[in-house]
Structures are given as structure tokens and as C-alpha cells.
Amino acid sequence: MFTNAGTSSFTSFLSRVAPEMLPGRRPLPPGMAADLAPHATTIVAISAAGGVVMAGDRRATMGNLIAQRDIEKVHPADAYSLVGIAGTAGIGIELMRLFQVELEHYEKIEGAMLSLDGKANRLASMIRGNLGAAMQGLAVIPLFAGFDLAAADPARAGRIFSFDVTGGPYEETGYDAIGSGSIFARSALKKRFRAGLSVDDAVRLAVEALYDAADDDTATGGPDLTRRIYPVVMTATAEGTHRLTDAETAAIAEAVVAGRMENPGG
């Protein structure tokens, strides 16, 4: 089995060889388990001219407590795509890592990269496999975005996909947000987004949307100037995925905070 995988899907291979290692295949005790594990919160994604931007706050909560102040919820899925997680943090991180292996495995077996739609569909099937745990309160909802190498117009190559708890994939137009602060982040994006934003403008807009989410949602963490903890911001363009350095993110976050000092309402 290990020397002849027989399938381009690592998840399918694992389901035959060691199904107990898949997040959705582990037996759970009866009852709700939502309060037993930290939860990751708000992620935003914005399409821009020539790519896409994704950003996430750094707070994880457990009920009314802050479980972690510097969790990282946005990661590269492969060379041209990004994935962010909201929901049960431990399962979300495991699902994200499994998705990274899934894409790498496919590329090694087939000798070619999956299309962006194919990546979204693979992630959807993995979310669907966690439905049992989700029904007991251990739900994971990712946000997926990337640069479509097959796009006819490179300026419109940045695409965003959201999912529901049953694994349904939905392509979003322009922007989207997930997590407990998503309603506030999405409202901020709705007022400020315009088609054709530069990547730099989209980065600034993403940080501002997370600030607005943190302003109204206790589970979303804003820029922590004291501890120097700032959002994770990543881009996916024709050059590949890129994570802004701490210094770059700090400069943007501090500029946003300074602006709100003069106008707290936005």
C-alpha cells in the first residue's frame, strides 16, 4: 500500500491505510463538545488586481476565556493558494495540514498541479468528512483563496471560496469573511471594497476590517501594540504566496490604530 499509492488523493489513501488518523473518523463521546477546545475566529479575504489577500486575527477563545493570543490561522495551501481556518482550532489546524499534504501528494503523483476549482472541491470533501464531529460542536469552516493560473485575465485571477459545515463550496465575488467577527468584518468590507483594488490597498482594507471585527466581537483580537502581536496577512499572486513580515504588518496595523485614535467610529 505504501509503495503503490494507487490514487492521487492522499485523503483517500489514508482512509484505506489508517482511517483513524483522519479528523472526522475519530470516535467521540456522546453530547456536545464545543466548549472543550479553543476556537479560532475571524478571517477575511479580498480579491485584488493581480491576486488575492487573506488575513486573520491572532486570538483563540475557549468560552469567555482567551485561550491563546498569537495563534496563526492563515497559511499557504500550496504555491499559489491560501487557506484560513475558523472554528475548533485543533481540528482546523490538522485539517489544514492534511489539505497541504493532499495538494502536494496530488502534484507528485500526477506531475501537475490541481486547478483552483479542483483544490476547492478537495477541501470541500475533507470538510464533509468532519460532519459527525461538527454536529457535536467541533465544526471547522475554512476560507480558501488563490491565484488562478488558468484565468484568461490575470487582473481577475484572484478567486475566493467559502464553505458550509456540510462541505458545500461557494465562490465569492470580491471579498468574504468567516468566523465569529465575520458579520462586522463583512460590513466593513462592503462599504470600502471596490473592484480593481491594488494588492497594497487590499492589505490595508483587510487589516481595517479585522480591526472593525475586534471592535464589536470579543472573540476577535485586534492589534496588540503592547505585545506586538499583529494579524497574519498573506497574498497570492502570479509570483506565488507571500506572507507580510512582522515589520510590514506592524506598520499597517499601527497606522490603522493611529487613524482610529482620531476617528474612533471609523
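The other residues sharing a hydrophobic cluster with Phe184 are Ile183, where clustering joins ILVMFWY side chains under 4.5 Å apart. Counting Ile, Leu, Val, Met, Phe, Trp and Tyr side chains that sit under 4.5 Å apart, directly or through other members, Phe193 shares a hydrophobic cluster with Val44, Ile46, Tyr175, Leu189, Leu197, Leu205, Leu210. Listed by chain and number, the hydrophobic cluster partners of Ile66 come to none, as no ILVMFWY side chain reaches under 4.5 Å of it.
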Does the pair Thr41 and Lys73 meet the rule for a side chain to side chain donor-acceptor pair (under 3.5 Å), with working shown? CA-CA 8 Å; Thr41 47; Lys73 310 169 191 176; 2.9 Å; yes

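Checked by atom type, the side-chain pair Ser187/Asp212 shows no donor-acceptor distance below 3.5 Å.
Listed by chain and number, the residues in a salt bridge (Lys or Arg N to Asp or Glu O under 4.0 Å) with Asp200 amount to none (sequence neighbours excluded). Residues satisfying the side chain to side chain contact (heavy atoms under 4.5 Å, CB included) test with Val52, not counting sequence neighbours, are Ala145, Ile160, Ala236. Scanning for side chain to side chain contact (heavy atoms under 4.5 Å, CB included) contacts around Ala250 gives Arg228, Tyr230, Glu254, with sequence neighbours left out. Taking Thr245 as the reference, Ala247, Glu248 meet the side chain to side chain contact (heavy atoms under 4.5 Å, CB included) condition, with sequence neighbours excluded. With sequence neighbours excluded, no residue forms a side chain to side chain contact (heavy atoms under 4.5 Å, CB included) with Ala49. For Asp224, the salt bridge (Lys or Arg N to Asp or Glu O under 4.0 Å) criterion is met by Arg227, not counting sequence neighbours. Partners of Asp78 by side-chain hydrogen bond (donor to acceptor under 3.5 Å, both in side chains), not counting sequence neighbours, listed by chain and number: Ser81, Lys119. For Arg159, the salt bridge (Lys or Arg N to Asp or Glu O under 4.0 Å) criterion is met by Asp117, Asp148, Glu171, not counting sequence neighbours. Partners of Arg243 by salt bridge (Lys or Arg N to Asp or Glu O under 4.0 Å), not counting sequence neighbours, listed by chain and number: Glu72.
In this structure a side-chain-to-backbone donor-acceptor pair under 3.5 Å is present from Ser125 to Arg122.
In this structure, Met54 and Gly84 approach most closely via the heavy-atom pair SD-N, 3.5 Å.
Considering only heavy atoms from C-beta on, Val165 comes within 4.5 Å of Ile141 through its side chain. The side-chain heavy atoms of Ser180 and Asp217, taken from C-beta on, include a pair separated by under 4.5 Å. Two residues are said to be in side-chain contact when any heavy atoms from C-beta on lie closer than 4.5 Å; Arg59 and Ile71 fail this criterion.
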